[in-house]
Amino acid sequence: MGTMEASSTCAFKPISGFGLQSRRLLPSKFDLRNQTPAFAGCYLRMKKRNNCLGISFGSTSMGKMEGSVRGLFGSSVKARSVRAQSSGGDVEDVAPAKIQVKSSGSVFPYVGVACLGAILFGYHLGVVNGALEYLSKDLGIAENPVLQGWVVSTLLAGATVGSFTGGSLADKFGRTKTFMLDAIPLTVGAFLCATAKSIEIMIIGRVLAGIGIGISSAIVPLYISEISPTEIRGTLGSVNQLFICIGILGALVAGLPLAGNPLWWRTMFGVAVIPSVLLAIGMAFSPESPRWLYQQGRTSDAEVSARRLYGKERVAEVMNDLDAGSQGSSEPEAGWLDLFSSRYFKVVSVGAALFLFQQLAGINAVVYYSTSVFRSAGITSDVAASALVGASNVFGTTVASSLMDKQGRKSLLLISFAGMAASMLLLSLSFTWKVLAPYSGTLAVLGTVLYVLSFSLGAGPVPALLLPEIFASRIRAKAVALSLGMHWISNFVIGLYFLSVVNKFGISTVYLGFASVCLLAVMYIAGNVVETKGRSLEEIERALSPAL
């Protein structure tokens, strides 16, 4: 399922300008042909252990860049040439610098409303962990592990359906209306789970809640990416992951009264109704994405939306950016088959690859075994073990948010997967090397915490941020949905077969395999992911998606 990260609070600096800052996008040796991004995974245990979610979007493939990207605003923009060499040896292209104007608008309230969807995402993923034992007794399935498994896994099945549905809904009805529609399965699903008197009603509620979080997983990063100013888009995009982590930690805290009140599990599920309703109400007053409105030919509405988001001083700048991004094209919205065309397939495949790496890198395994690992070091409290993992995730995500627009997406991915590889190697050796036996418990805890921190720095938050950035506007919603669908499917399959693989090969060997996957991810990212910090979505689109 996804990732959770980080800690403390996030402070955002005021938006000093929506315009692009003059930055070098691509190193001269970068291969421009392949680029795209990806979401990570959270494994829900059927016992009383909580987990972390790893969300991602991440590597990009692209067609050969053609021509130069021109300055967007004529004489008001001083263009700087940025050279980037493709694999064919051609030197191409450009990063303009814009004069920044102080903004009287703010996107923060609307990003906050969208993040209610991220909180619900994390909460529904985590709430069953503590509640499963108690709801199983109440619904008469305490001796039926198969039905308990259905309570857990049907959420994932619903999320898979929702992730694919979210893209089409966002293209047809717009981003804000899709949020409001999404509140229906989220609210009804939470209500049914809280009031269920039979296992059938509980499963129906879980499926509906899953559909809701699947849609949220697609449209939250999409909406935030499309409304965020260029210079802080990375920071705001990674906040989505932070709130997913907060949702999971919220589910853990909500389960604390269970020991004294076995029926508290109903309240745990029912609480999710409140943010679901607030999401619908908040989106009713939130501006639609100017990019989606412009794509629909609703230019005047796009100007109104831009004024609310960025202030009247920025309207002309934003509209000029959208005009330049369209390049005079009147292409209709893409269909699903267009994602597999030669024009887009490379960049779409990168998104799917990042999600696969995220899941195959072992986040579920680390979360699943965290409690037993901590017990070997003398930490016997399940809550303490879960809280340490969750706090590490939240802390790492907070750090990643502050670095996203400074360090860049690609470098954080490389650092993240390299750190995960080293941590997995440490975990594997702590279980097998006899010379390390006296320190095995301490090393196992250290390896687990370092792994979660590394994951939360890049593999968790970057894919969900990067995917909406590298996909062209006409395929953005569907391509993000397709990549997230890959995430949910791989998450489900890994959750289904993970224990069988561990029983056959042993946890140490499996951890060694995860370390190998992380190293493969480093090599793939180095050769296929493009840096996007400091560039508007329209500039990225012109660079990565050749016009017809």
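Checking side-chain atoms of Y123 against main-chain N and O of A118 turns up no donor-acceptor pair under 3.5 Å. The backbone N or O of L337 lies less than 3.5 Å from no partner atom in the side chain of S341, so there is not a single donor-acceptor pair. In this structure a side-chain-to-backbone donor-acceptor pair under 3.5 Å is present from W264 to A254. Not a single donor-acceptor pair under 3.5 Å links the side chain of S238 to the backbone N or O of P461. For T187 (side chain) and I184 (main-chain N/O), no donor-acceptor pair under 3.5 Å exists by modelled atom type. Between the S416 side chain and the A459 main chain, a donor and an acceptor come within less than 3.5 Å of each other. One N or O on the side chain of Y451 and one on the backbone of I363 form a donor-acceptor pair closer than 3.5 Å.
Just one residue in the list L466, L236, V399, V462 forms a side chain to side chain contact (heavy atoms under 4.5 Å, CB included) with M404, and that residue is V462.
A 4.5 Å side-chain heavy-atom check between L482 and V348 finds at least one atom pair inside the cut-off. K197 places none of its side-chain heavy atoms less than 4.5 Å from the side chain of M202. A heavy-atom distance below 4.5 Å is not found between the side chains of L139 and S198. Within the 4.5 Å cutoff, the side chain of I215 has no heavy atoms near those of the L181 side chain. Taking the side chain as every heavy atom from C-beta outward, Y223 and M283 approach each other to under 4.5 Å.
A salt bridge is absent between E288 and K177: the closest approach of a Lys/Arg side-chain nitrogen to an acidic carboxylate oxygen does not fall below 4.0 angstrom. Between E226 and R476 there is a salt bridge, since a side-chain N of the basic residue sits under 4.0 Å from a carboxylate O of the acidic one. Under a 4.0 Å N-O distance rule, the pair D138/R266 qualifies as a salt bridge.
Ring pair F340/F345 is tilted by interplanar angle, where 30° to 60° counts as tilted. Taking the six-membered ring where the residue is Trp, F514 and Y511 present tilted rings, their angle falling between 30° and 60°.
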